[in-house]
Amino acid sequence: MGSIQSLKGTRDILPDEVAYWQWVEGAARRQFAQAAYQEIRTPIFEDTALFARGIGEATDVVGKEMYTFTDKGNRSTTLRPENTAGVVRAYIQNGLAAKGGIQRLWYSGPMFRYEQPQGGRQRQFNQLGAEVLGSKDPRADGEVIALAQDLLQGLGLVNLTMDLNSVGDRSDRAAYREALVAYLTPYKDDLDADSQDRLNRNPLRILDSKDRRTQEIVAAAPNLSAYLSPESKTFFDRVQQSLSDLNISYRLNPRLVRGLDYYTHTAFEIQSADLGAQATVCGGGRYDGLVEQLGGPATPAVGWAMGLERLMLLLKGLGPAPQSAFDFYVVSRGEAAQAQALKLAQALRRQGFSAELDLSGSAFAKQFKRADRSGAVACLILGEDEAIAQTLQLKWLSSGQQASYGQAALLQDPAALRQQLQQARAAMSEA
RNA sequence: GCGAGCGUGGCCAAGUGGUUAAGGCAGUGGAUUGUGAUUCCACCAUUCGCGGGUUCAAGUCCCGUCGUUCGCCCCA
């Protein structure tokens, strides 16, 4: 080879695939606008301390997956591995809390984790996310989850399941952690190696180990739900109530423990059986302590993040992305006609039509073949004869019908032309 | 970071040590000097991810390396 390749775990999204991305982005943008969520764009790299403090030193994301480097000013800098910490930082720094009320935010963009790539997992990947800051109302949890569900459903994804759990507040978890460690310690030697390691560092993660022996041991472990305070229990009940009010189905999973330390109370994951080991399409929950932990005022919050590459894998399995057909393909032959075609294409675009100009200069037969494949609704033909007469032929590609127009006359009534295109398009989609 | 599989043109591939690396799709030019299909012809990899080794001989065997796929870990 010798030529430079994209780095491991990164990939190009080529024009054919971009149709899916634009489809998803458009749907998300509309959905968020309807629910009064505003877009926020934060930097792709941040102070390393933001993630260390926000996500938690003991997590795998911080411990072994961050792209961290020292910049020329000797600052420890990290490519964001997720965006909740960044959004919270922006919320605090820009005084959004002081504006009062509830902030509903969404974002979309690349995240970076140094991991072994696999289907549905890359080193640079894109997440779409929603965050509601400033509400401790359990309906906020319901709203945010419904938004994710509606978006996925609107894209035609129906074979998804959602797991739900409450991980309680900080003191609930501390009490549970103690009980869990007490239960697991006698079995220490029977746990898988990773779980043994986690016994001190992050024991809750042992709950969703995939190791069979560990699973057997964990099956009889004390349940987190038994350690929830009455307040936490009530809150979780009300979250579930709001989900059933919204007709959202879910499965209670007492083992669901998410890998980022900031989660409190609600935790959920939306999964697909069609993604192999990377089943989670969307994950999130409540993080009532994070804003304060990062130096802001005590602020309850709830949100989620969706893995767009995983979403694309699912959508590709369902069929092609919807695309609107192109209006005109312009073919020409002869110097004078070619010049006129160039001007014609521009005039069409200025009237709001889409027009692709054939630049090949090859035989008409070849140009028509390309017109056919371009997906255009109609073809405009300018040859030597038309150049002299200042006319053009308009050919409807699906019916083959063709008519002659004066070059100036074609655009005299754009509304009528637009209507004709619409009719031809409708006929195309019927066929 | 660990374990296993795979790497032949833009894409899909045949090839399992012996002279010139099948075939299909796509592409380009032509048969058709002004009309999309079909058909036909021509062109399209001095080289099999990369580097080294074994051999008279390597796409084919060995080692390394890079990439990729699947699983673990973890997550979106």
Side-chain angles (χ1 to χ4, degrees), chain A residues 1-11 14 16 55 58-66 81-84 108-129 148 152 192-195 197-198 202 205-206 208-212 214 256-260 268-272 275-284 303-314 329 331-334 337 358 360-374 376 378-387 393 395-402:
Chain A
M1 278 275 154
S3 58
I4 296 172
Q5 311 281 304
S6 63
L7 288 173
K8 181 170 180 164
T10 69
R11 55 189 288 274
L14 299 175
D16 281 348
I55 300 170
T59 61
D60 286 295
V61 168
V62 172
K64 57 181 197 187
E65 295 173 2
M66 292 208 299
E82 57 98 57
N83 204 29
T84 298
S108 175
M111 309 295 158
F112 305 84
R113 291 183 200 171
Y114 193 88
E115 292 188 276
Q116 214 46 248
Q118 223 173 294
R121 187 166 67 208
Q122 298 166 212
R123 290 185 171 179
Q124 175 175 338
F125 60 101
N126 288 276
Q127 284 188 339
L128 176 75
L152 293 166
D192 61 282
D194 289 310
S195 295
D197 195 43
R198 271 192 226 117
N202 203 352
R205 300 283 322 151
I206 298 174
D208 57 10
S209 166
K210 285 183 193 167
D211 183 80
R212 265 188 67 198
T214 301
L256 175 64
V257 181
R258 301 189 41 79
L260 276 35
F268 73 94
E269 281 184 7
I270 300 172
Q271 305 180 324
S272 165
L275 284 172
Q278 279 63 243
T280 302
V281 181
C282 178
W304 48 255
M306 203 176 272
L308 293 182
E309 278 78 4
R310 291 182 188 176
L311 190 51
M312 300 307 154
L313 289 174
L314 293 174
Y329 191 92
V331 308
S332 60
R333 209 188 60 181
D358 191 301
S360 70
S362 49
F364 265 133
K366 301 284 181 193
Q367 295 195 52
F368 277 107
K369 198 171 174 180
R370 277 188 219 103
D372 193 36
R373 293 185 180 183
S374 75
C379 184
L380 296 176
I381 306 150
L382 288 95
E384 290 89 344
D385 301 343
E386 288 81 7
Q393 305 287 325
K395 178 172 185 176
W396 299 99
L397 285 165
S398 55
S399 67
Q401 281 175 0
Q402 191 169 315

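Just so we're clear, the structure is a prediction, and the values are computed from it rather than from any experiment. All chains are named by letter (A, B, ...) in the order of the sequence lines, taking the proteins before the strands, and each is independently numbered beginning at 1.
Using N1 to N3 plus N6-O4 or O6-N4 for Watson-Crick, or N1-O2 and O6-N3 for G-U wobble, each under 3.5 Å, U54(B) pairs with nothing. When both pairing distances are held under 3.5 Å, G67(B) makes a Watson-Crick or G-U pair with C6(B). Remark: G1(B) base-pairs with C72(B); criterion is Watson-Crick or G-U wobble with both hydrogen-bond distances under 3.5 Å. Base pairing annotation: G23(B) forms a Watson-Crick or G-U wobble pair with C12(B), both donor-acceptor distances under 3.5 Å. Base pairing of A45(B) is not made with any nucleotide, judged by Watson-Crick or G-U wobble geometry with both donor-acceptor distances under 3.5 Å.
Residue-level contact check: L260(A) touches the backbone only, with heavy atoms under 4.0 Å from sugar-phosphate atoms and none from bases. If you check every strand for non-hydrogen atoms under 4.0 Å, N126(A) touches nothing. Residue G283(A) is in sugar-phosphate contact alone, with no base atom involved, counting any heavy-atom pair closer than 4.0 Å across all strands shown.
Of the candidates A76(B), U68(B), C73(B), the closest approach to any side-chain atom of T280(A) belongs to A76(B). Taking only side-chain atoms of R258(A), from C-beta outward, the nucleotide of A76(B), C73(B), G36(B) with the closest atom is A76(B). Comparing C73(B), A76(B), G1(B) by their nearest atom to the side chain of E115(A) picks out A76(B). Considering only side-chain atoms of Q118(A), the nucleotide from A76(B), G71(B), G36(B) that sits closest is G71(B). Nearest nucleotide to the A305(A) side chain, out of G36(B), G71(B), A76(B): A76(B). With G1(B), U68(B), A76(B) as the choices, the nucleotide that has an atom nearest any side-chain atom of P117(A) turns out to be U68(B). Here the nucleotide nearest the side chain of Q116(A), chosen from G36(B), G71(B), A76(B), is G71(B).
In terms of position along RNA chain B, the nucleotide closest to F364(A) lies nearer the 5' end than the nucleotide closest to the other residue of the pair F364(A) and E309(A). Nearer the 5' end of RNA chain B, as judged by each residue's closest nucleotide, is the contact made by D372(A), out of D372(A) and K210(A).
The ring of F368(A) lies on top of the base of U35(B), close enough and flat enough: under 5.5 Å between centres, under 30° between planes.
Here K8(A) reaches the OP1 or OP2 of G67(B): one of its side-chain N or O atoms lies under 4.0 Å away.
Side-chain contact of S6(A) with R11(A): a donor-acceptor pair under 3.5 Å is absent, judged by distance alone. Defined by atom type and a distance below 3.5 Å, a donor-acceptor pair is present between the side-chain atoms of S360(A) and D358(A). Side-chain contact check for T10(A) and Q124(A): no donor-acceptor pair (N or O, by modelled atom type) lies under 3.5 Å. In this model, no donor atom of one side chain and acceptor atom of the other lie less than 3.5 Å apart for Q367(A) and R370(A).
Taking the C1' atom of each, C61(B) and G24(B) are spaced 30 Å apart, rounded to whole Å.
The minimum heavy-atom distance linking Q127(A) with N83(A) is given by the pair OE1-N, 4.4 Å.
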Check: protein-nucleotides 27-32 of chain B nitrogen or oxygen pairs below 3.5 Å:
| unit_1 | atom_1 | unit_2 | atom_2 | d |
| --- | --- | --- | --- | --- |
| G27(B) | OP1 | R373(A) | NH1 | 2.2 |
| G27(B) | OP2 | R373(A) | NH1 | 2.9 |

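Cation-pi geometry between K369(A) and F364(A) is not met at under 6.0 angstrom from the ring centre and within 45 degrees of the axis. For the pair R123(A) and Y114(A), the distance from NZ or CZ to the six-membered ring centre is under 6.0 Å and the angle to the ring normal is within 45 degrees.
Checked for salt-bridge contact, R121(A) and E309(A) miss the test: no charged N lies under 4.0 Å from a carboxylate O.
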